[in-house]
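Have a look at the structure below, then the notes.
Being a predicted model, the structure only gives us computed values, none of them experimental. So that the names make sense, note that chain A is the first sequence line, chain B the second, and so on, each numbered from 1.
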There are 2 protein chains.
Amino acid sequence: MSRETDELKQAGLKATRPRLMILQLLEDAEERHLTAEGVYRSLLDAGEEVGLATVYRVLTQFEQAGLVKRHHFDGERAFFELDENKHHDHMVCMRCGKVEEFVNDEIERLQREVAAEHDFKLTDHRMELYGLCANCREDREND
Amino acid sequence: MSRETDELKQAGLKATRPRLMILQLLEDAEERHLTAEGVYRSLLDAGEEVGLATVYRVLTQFEQAGLVKRHHFDGERAFFELDENKHHDHMVCMRCGKVEEFVNDEIERLQREVAAEHDFKLTDHRMELYGLCANCREDREND
DNA sequence: ATGTATGCAAAACATTTGCACCTGG
DNA sequence: CCAGGTGCAAATGTTTTGCATACAT
């Protein structure tokens, strides 16, 4: 019984083949931030027969179970990332789509401060920086 | 010739009735953050005959002209807000949906700093705080 | 065995687009 | 007048759902 099987059971989910495959994929993928479609195609490429609807259902269950975080970097589609319980924010390259993670404790502190000033009970927050990553930036040394 | 007519012309847009109505609505609305559907319904309620497709087209044109900013607070639908060229971030109440605006120069500065550290050319950013606003918080003094 | 999960196809949304008609300057 | 704008309906892309079948325990 694999570690993934345990993780699923602890999350209260039956260890079915699609769920195992999706969890493994999220754990092993080089790119941590995947769309449902991306997960789906990766599984097909790996020879797994799975339905796109199942991918959506499983990712949503994973989210509810706290295994995964859902992001909306643009307004078009959602990105899913394994939730390792290490909070971080994102920096998204508008050219190649690369997503880098970062944490800045000072910003985190200021956010709590701002919320307090407004008598706002903070439960969550999101912060994303958009622009050009180091690589794409080079390719455009003609702006 | 109204001020709105001028604003449209300066933005290079013909002053048509739908565009005037939408611009006025955005300027006068109590709630500054509206969905396309919201704009559409407000116009219908006001007796204006306009198509939803036109609302989308006009809002997109306004965005390109810099008159309006588009936000994706959740991943479901876009919110539009008049762009007064005063950058700010948002605090969204998860209970009543209220959106408050705020600015914190120190956070802004740190964002630029983080981007620089990663060799990232910053073009835009988004930051949203989610939680309970002062009012909704009171209603729940039983948590 | 049996309640749950899956796959497929159809539905549901938000948003965009093609096209014939209308309108502002 | 006539390029550009609008309304409608149909298309799109993403995500959800209904339902009959397949599977984990």
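The CZ atom of A:F80 sits 11 Å away from the C1' atom of D:dT14 (whole-angstrom rounding). The separation between B:Y56 atom OH and D:dA10 atom P is 19 Å, rounded to whole Å. In this structure, the CG atom of A:D74 is 12 Å from the P atom of C:dT16, given to the nearest Å. In this structure, B:L8 places its CG atom 14 Å from C1' of D:dG4, rounding to the nearest Å. As a whole-Å value, the separation of A:L34 CG from D:dT15 P is 13 Å. Computed from coordinates, the B:M21 CE to D:dG5 P distance equals 17 Å when rounded to whole Å. Rounded to whole Å, the distance from CG on A:L20 to P on D:dT25 is 9 Å. Remark: C1' of D:dT25 and CG of A:L13 are 15 Å apart, rounded to the nearest angstrom.
Under the 3.5 Å distance criterion, with hydrogens and angles disregarded, no donor-acceptor pair is assigned to the side chains of A:H72 and B:E76. A side-chain donor from one of B:H33 and B:E81 sits under 3.5 Å from a side-chain acceptor of the other. Between the side chains of A:E128 and A:H71, no donor-acceptor pair of N or O atoms lies under 3.5 Å.
When distances are taken from the side chain of A:A15 to each of D:dT25, C:dT17, D:dT6, the shortest belongs to D:dT25. Distance from the side chain of A:K9 is smallest for D:dT25 among the nucleotides D:dT6, D:dT25, D:dT17. Listed nucleotides: C:dG7, C:dA5, C:dA14. Nearest to the side chain of B:R77: C:dA14. Comparing C:dT6, D:dC8, D:dT16 by their nearest atom to the side chain of B:A53 picks out D:dC8.
Side-chain contact between B:D89 and B:E108: present, with at least one pair of heavy atoms (C-beta onward) separated by less than 4.5 Å. At a threshold of 4.5 Å between non-hydrogen side-chain atoms, the residues A:H87 and A:K69 do not count as touching.
With DNA chain D read from its 5' end, the first of the two nearest nucleotides for B:E49 and A:R57 is the one closest to B:E49. Checking B:T60 against A:R19, the closest nucleotide of DNA chain C that is more toward the 5' end is the one next to A:R19. Residue-to-nucleotide proximity on DNA chain D shows that, of B:K14 and B:G51, the 5′-proximal contact is made by B:K14.
For A:E49, the CD atom is loosely surrounded, since the number of other residues' heavy atoms within 6.0 Å does not exceed 12. The number of heavy-atom neighbours closer than 6.0 Å to CZ of B:R17, taken from other residues, nucleotides and ligands shown, is 12 or below.
Each end of the helix from C:dA1-D:dT25 to C:dG25-D:dC1 gets its own axis from five base pairs, and the two axes differ in direction by 30°, given to 10 degrees.
To the nearest 0.5 Å, atoms CD (A:E37) and OH (A:Y56) are separated by 6.5 Å.
Remark: nothing in residues 36-44 of chain A comes within less than 4.0 Å of DNA chain C through any heavy atom.
Considering A:E27, A:E84, A:E100 as possible partners of A:R32, the one that fulfils the salt bridge (Lys or Arg N to Asp or Glu O under 4.0 Å) test is A:E84.
Between the side chain of B:R17 and the base of D:dG7 there is no donor-acceptor pair of N/O atoms closer than 3.5 Å.
Salt bridge status for A:E101 with A:K86: absent, with no side-chain N to carboxylate O gap under 4.0 Å.
Contact check, A:T16 against C:dT6: a side-chain N or O comes under 4.0 Å of OP1 or OP2.
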